[in-house]
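What follows is a set of notes on a single structure, which appears directly below.
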Amino acid sequence: MVTKTLRQQKALETKQRILRTALALFSAKGFDHVSVDEIVRESATSKGAFYGHFASKYDIFLEKFKEIDQFYSEFQQNLPDELPAEDKIRKLAIAQMMYLREELGRDGTRALYAYALTPSVDNYLSDTERPLYAVLESFISAGQKSGELASTASAKRLTMLLSRSMRGTLYDWAIFDGDFDLAAEIDEWLELLFTGLRV
């Protein structure tokens, strides 16, 4: 078992403190109204510590998405194997909406999409090797193999369409100032989608 040195542990604690502080500030004031100086001041750290962990305040989102990807992997492991594929997909989509609503909020979601559209940015959101895509594809593939879901399109193609639907729901929620319930919206959309995919 690998144990962290005291220095490594302190560095990790500093990084987590910066991350938590930045996300709280983004949620309270909006991403564009928070500076690195403010994050440093409120987290009781230094600019050197900030830039030792993050290249910019946008990188806080990348770190957060690594945590979110861990959430997807753990969510998959905690679902009963015997649950139908459709139920697994719905539960994952609803859990994603609730998690992102609580963890990023509307301002954080808006800032994330703005960041993803920035030219020459290594766009983590479009990386199809992320756990979200693997989890969705495994659910869809299992549903097709069991005969629960139609195979009119490949599992990979349906994964892309479904993930786009999930991102689109989040995007609309952010630009319409959260005037609808994320979980109810994605659940209604998935009901319509599965009506066409059921065998």
Side-chain angles (χ1 to χ4, degrees), residues 15-45 50-51 53-76 78 88-128 130-133 135-136 159-193:
K15 182 178 183 179
Q16 288 301 314
R17 188 165 69 248
I18 292 169
L19 181 68
R20 283 192 308 272
T21 301
L23 290 170
L25 287 168
F26 296 161
S27 179
K29 300 175 76 173
F31 181 83
D32 292 330
H33 302 290
V34 177
S35 67
V36 169
D37 287 335
E38 186 174 10
I39 295 168
V40 166
R41 185 175 60 252
E42 293 296 319
S43 64
T45 57
F50 181 92
Y51 287 113
H53 295 292
F54 304 101
S56 71
K57 65 179 186 174
Y58 286 107
D59 279 8
I60 300 226
F61 287 120
L62 295 182
E63 192 64 32
K64 192 63 188 171
F65 262 80
K66 290 175 188 171
E67 285 183 19
I68 293 168
D69 280 343
Q70 181 66 30
F71 162 78
Y72 295 138
S73 297
E74 289 172 4
F75 188 88
Q76 179 185 25
N78 291 325
K88 288 179 180 178
I89 293 166
R90 287 173 99 131
K91 285 181 180 298
L92 176 67
I94 290 168
Q96 179 201 47
M97 298 298 145
M98 306 290 283
Y99 185 87
L100 293 175
R101 184 188 69 200
E102 298 303 316
E103 293 293 319
L104 287 182
R106 284 190 313 276
D107 286 331
T109 302
R110 275 196 286 263
L112 176 68
Y113 282 115
Y115 173 66
L117 294 170
T118 304
S120 75
V121 163
D122 183 17
N123 193 345
Y124 187 72
L125 290 181
S126 65
D127 179 1
T128 57
R130 288 179 54 217
L132 172 62
Y133 295 95
V135 170
L136 280 174
T159 296
M160 286 305 298
L161 293 172
L162 184 54
S163 66
R164 285 179 182 146
S165 298
M166 293 161 76
R167 279 193 306 276
T169 301
L170 283 164
Y171 179 80
D172 269 13
W173 175 74
I175 64 173
F176 284 102
D177 287 327
D179 69 347
F180 60 83
D181 182 289
L182 268 173
E185 191 77 9
I186 197 67
D187 195 43
E188 182 180 350
W189 161 243
L190 287 173
E191 176 56 33
L192 293 170
L193 176 71

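For reference, positions follow the sequence shown, starting with 1.
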Going by heavy atoms in the side chains, are [X] and [Y] under 4.5 Å from each other?
X	Y	result
L190	L162	yes
E63	K15	yes
L136	Y72	no
T21	L25	yes
I60	F50	yes
M97	E185	no
L132	L92	yes

(message) Tell me every residue that passes side chain to side chain contact (heavy atoms under 4.5 Å, CB included) with D179, counting only those two or more places apart in sequence or in another chain.
(response) F176

(message) Under the criterion side chain to side chain contact (heavy atoms under 4.5 Å, CB included), I'd like the reasoning laid out for F54 against V36: C-alpha separation, chi angles, the key distance, then a yes or no.
(response) CA-CA 10 Å; F54 304 101; V36 169; over 6 Å; no

(request) Please check if atom CD in Q16 has more than 12 non-hydrogen atoms from other residues, nucleotides or ligands closer than 6.0 Å. (result) yes

All N/O donor-acceptor pairs, side-chain side in residues 166-175, below 3.5 Å, sequence neighbours left out:
residue	atom	partner	partner atom	Å
R167	NH1	Y133	OH	2.9
T169	OG1	S165	O	2.9

(message) For F71, give me all partners under ring-ring contact (aromatic ring centres under 6.0 Å, His included), at least two apart in sequence or on another chain.
(response) F75, Y99

To the nearest 0.5 Å, how far apart are [atom1] in [X] and [atom2] in [Y]?
X	Y	atom1	atom2	result
R41	E38	CZ	CD	5.5 Å
M160	T128	CE	OG1	6.5 Å
L100	T109	CG	OG1	6.0 Å
D181	M98	CG	CE	7.0 Å
R90	E191	CZ	CD	4.5 Å
I186	L193	CD1	CG	9.0 Å

Got a sec, which residues hit side chain to side chain donor-acceptor pair (under 3.5 Å) with [X], two or more places apart in sequence or on another chain?
X	result
D37	K47
E102	none
D59	none

(message) If we ignore hydrogens and angles and just use 3.5 Å, is the side chain of N78 paired with the main-chain N or O of E74 as donor and acceptor?
(response) yes

